[in-house]
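Order of listing sets the numbers, starting from 1, for every ligand and every atom in it.
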Amino acid sequence: MTTLTSTPRADGFFMPAEWAPHSQTWMVWPQRPDNWRHNGAPAQAAFAAVAKAIARFEPVTVCATADQFHAARAALGDPRIRVVEMSTDDAWVRDTGPTFVIDGQGGLRGVDWTFNAWGGLDGGLYADWRRDDEVAQKILEIERCDRYRTDGFVLEGGSIHVDGEGTLITTEECLLNRNRNPHLSREEIEAILREHLAIDTVIWLPHGLFNDETDGHVDNFCCYVRPGEVLLAWTDDPTDPNHERCQAAMAVLEQARDARGRALKVHKMPIPGPLHATAEECAGVAPLVGSQPRDPSIRLAGSYVNFLIVNGGIIAPSFGDPLDAEAERILGEVFPDHQVVMVPGREILLGGGNIHCITQQQPAA
Ligand code: KQY
């Protein structure tokens with residue numbers, strides 16, 4: 001397939017909102033033993049449950065390494081789930097996969113951002129990440145989509161959300177982090193986002209959720225639910241380290257105007273927990289030099305905002321927390337035309353993310 005030297009905007013392509021119709025969702029099968037306990041077995045069961053929940057609404061493709069192809073096929077069962085062989089470093093296709101762009105006339109292409117494992121050698125989460133940096137290209141080859149490659153511009157899909165009407169929301173903690181694009185100013189980063197996603201306005205939240213190992217991805221903290229309305233992770237507890245982050249985000253959102261000149265309506269979503277891994281859960285991980293530390297003292301960045309919108313459904317994590325029912329109620333309220341399906345997310349959280357992080361929607365062309 002062709003690697004294009006123009007930009008999506010110049011060619012009339014844009015990133016649609018997540019609620020626009022999908023042709024399928026992509027996932028990657030987890031197996032990395034320094035991130036997933038017991039060589040990934042409990043995470044594989046959790047990912048399979050997510051894939052099966054999504055498959056009730058739209059087709060799913062799961063990429064698995066040669067080692068795991070047959071195990072994944074057997075565990076996933078459902079014929080609406082396609083399994084393809086692909087070499088990868090880990091399983092976060094939100095961040096390693098392409099950001100699909102459409103032109104509204106049947107055209108579908110992909111943006112292949114440079115991936116550096118959330119910070120490269122300056123706080124990144126593993127080395128090396130070369131196979132993960134190739135995931136977007138491989139997915140685009142499979143789908144016969146032309147590709148825009150941003151050599152020299154690092155970005156992960158989980159660090160952005162769009163409303164499909166010209167506005168993007170992100171965090172300074174991630175996009176302005178010195179371990180992503182230290183050679184670029186805020187204005188230069190905005191210019192690249194405008195060109196590659198065809199957005200006009202960027203809303204910068206100061207931070208993401210406390211202890212998020214991605215350096216504050218917005219998809220674990222705040223998302224659009226429709227144009228002009230966002231859902232923000234929230235705590236009223238002043239002793240919670242997230243309190244200041246929530247207040248700072250609210251201050252920005254209350255002042256913001258989107259690309260259409262609208263003020264935003266902000267819905268609040270309580271933060272579960274505080275959640276921590278148990279000693280037993282940590283003991284199942286096989287650390288390498290440079291792996292993320294896993295320890296019960298470290299608060300996990302659990303969030304109900306880390307859900308995926310699919311055709312007619314919302315696939316959201318539950319945590320066995322007393323707030324699970326409230327989260328399901330709020331999601332039902334803000335998405336009255338979708339069926340909310342809660343899927344256990346603790347095992348995914350132990351690896352550092354959740355359902356939105358392990359999925360990548362492919363919009364219908
Ligand atoms: O949450 C994500 N988008 C990725 C998390 C990566 C965690 C690796 N341990």
Side-chain angles (χ1 to χ4, degrees), residues 18 25-40 42-44 46-47 50 88-99 113 115-129 131-133 135-136 154-161 169-171 173-175 177 179-180 207-223 233 271 275 277 281-282 284-295 298-308 315-317 319 345-361:
E18 197 167 303
T25 286
W26 290 82
M27 296 178 67
V28 173
W29 193 243
Q31 68 174 104
R32 193 183 170 94
D34 66 331
N35 196 56
W36 306 106
R37 63 187 178 127
H38 305 311
N39 293 312
Q44 289 164 3
F47 276 51
V50 171
T88 54
D89 296 304
D90 204 355
W92 307 97
V93 74
R94 173 66 49 191
D95 297 338
T96 60
T99 299
W113 314 99
F115 176 76
N116 76 350
W118 309 274
L121 299 179
D122 179 9
L125 302 182
Y126 46 78
D128 72 39
W129 54 83
R131 287 173 297 194
D132 269 355
D133 191 29
V135 167
V154 171
L155 187 120
E156 304 98 37
S159 69
I160 54 168
H161 267 304
I169 189 162
T170 189
T171 66
E173 181 184 352
C174 183
L175 261 64
N177 199 300
N179 64 15
R180 298 310 207 278
H207 307 284
L209 208 66
F210 174 69
N211 259 0
D212 187 324
E213 58 194 56
T214 65
D215 303 312
H217 272 190
V218 77
D219 73 344
N220 208 29
F221 189 51
C222 182
C223 67
I271 297 169
L275 303 174
E281 286 167 337
C282 295
V285 180
L288 299 169
V289 177
S291 302
Q292 274 299 102
R294 300 288 178 216
D295 188 280
I298 300 171
R299 180 165 171 185
L300 299 169
S303 170
Y304 297 111
V305 171
N306 206 311
F307 60 84
L308 177 72
I315 313 299
F319 298 101
R346 182 177 176 88
E347 206 61 46
I348 312 170
L349 176 61
L350 293 176
N354 229 297
I355 291 174
H356 196 257
C357 311
I358 63 165
T359 53
Q360 181 65 250
Q361 72 279 0

Return the minimal non-hydrogen interatomic distance between [X] and [Y], and the atom names on each side.
X      : Y      : value
Ala46  : Ile348 : CB-CG1, 4.1 Å
Cys357 : Asp219 : SG-OD2, 3.9 Å
Phe210 : Ala301 : O-CB, 3.7 Å
Asn306 : Pro317 : O-CD, 3.6 Å

Applying a strict 4.0 Å limit to heavy atoms, is [X] in contact with ligand 1?
X      : value
Tyr126 : no
Cys357 : yes
Arg32  : no
Arg94  : no
Gln292 : no

(message) Salt bridge check, Glu156 against Arg180: does any charged N sit closer than 4.0 Å to a carboxylate O?
(response)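 Judged by the 4.0 Å cut-off on N to carboxylate O distance, Arg180 and Glu156 do form a salt bridge.
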
Relative to the heavy atoms of [X], which atoms of ligand 1 are at a distance of less than 4.0 Å?
X      : answer
Trp118 : 4 (C), 6 (C)
His217 : 3 (N)
Thr214 : 1 (O), 2 (C), 3 (N), 4 (C), 5 (C)
Arg294 : 9 (N)
Gly353 : 1 (O)
Gly351 : 7 (C), 8 (C), 9 (N)

Please say whether [X] places an N or O atom under 3.5 Å from an N or O atom belonging to ligand 1.
X      : answer
Asn35  : yes
Asp95  : yes
Asp219 : no
Leu125 : no

(request) From the options Asn177, Thr214, Asp95, Asn179, select the one residue that forms a side chain to side chain donor-acceptor pair (under 3.5 Å) with Trp118. (result)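 For Trp118, the side chain to side chain donor-acceptor pair (under 3.5 Å) check succeeds only for Asp95.
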
Taking the side chain as everything from C-beta on, heavy atoms only, tell me whether [X] gets closer than 4.5 Å to [Y].
X      : Y      : result
Thr88  : Trp29  : no
Gln360 : Thr25  : no
Asn116 : Trp129 : yes

(request) Indicate the ring-plane relationship of His161 and His356, choosing parallel, tilted or perpendicular according to the 30° and 60° boundaries. (result) tilted

(request) Please state whether the rings of Tyr126 and Phe115 are parallel, tilted or perpendicular, taking 30° and 60° as the class boundaries. (result)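 Tyr126 and Phe115: tilted rings.
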
(message) If we set the cut-off at 4.0 Å for heavy atoms, which region of Glu213 has an atom near ligand 1: side chain, backbone, both, or neither?
(response)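 It is the side chain that gets close, since no backbone atom is under 4.0 Å.
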
(request) Could you tell me the residue and atom name of the protein heavy atom closest to atom 5 (C) of ligand 1, and the distance to it rounded to 0.1 Å? (result) Gly352 O, 3.4 Å

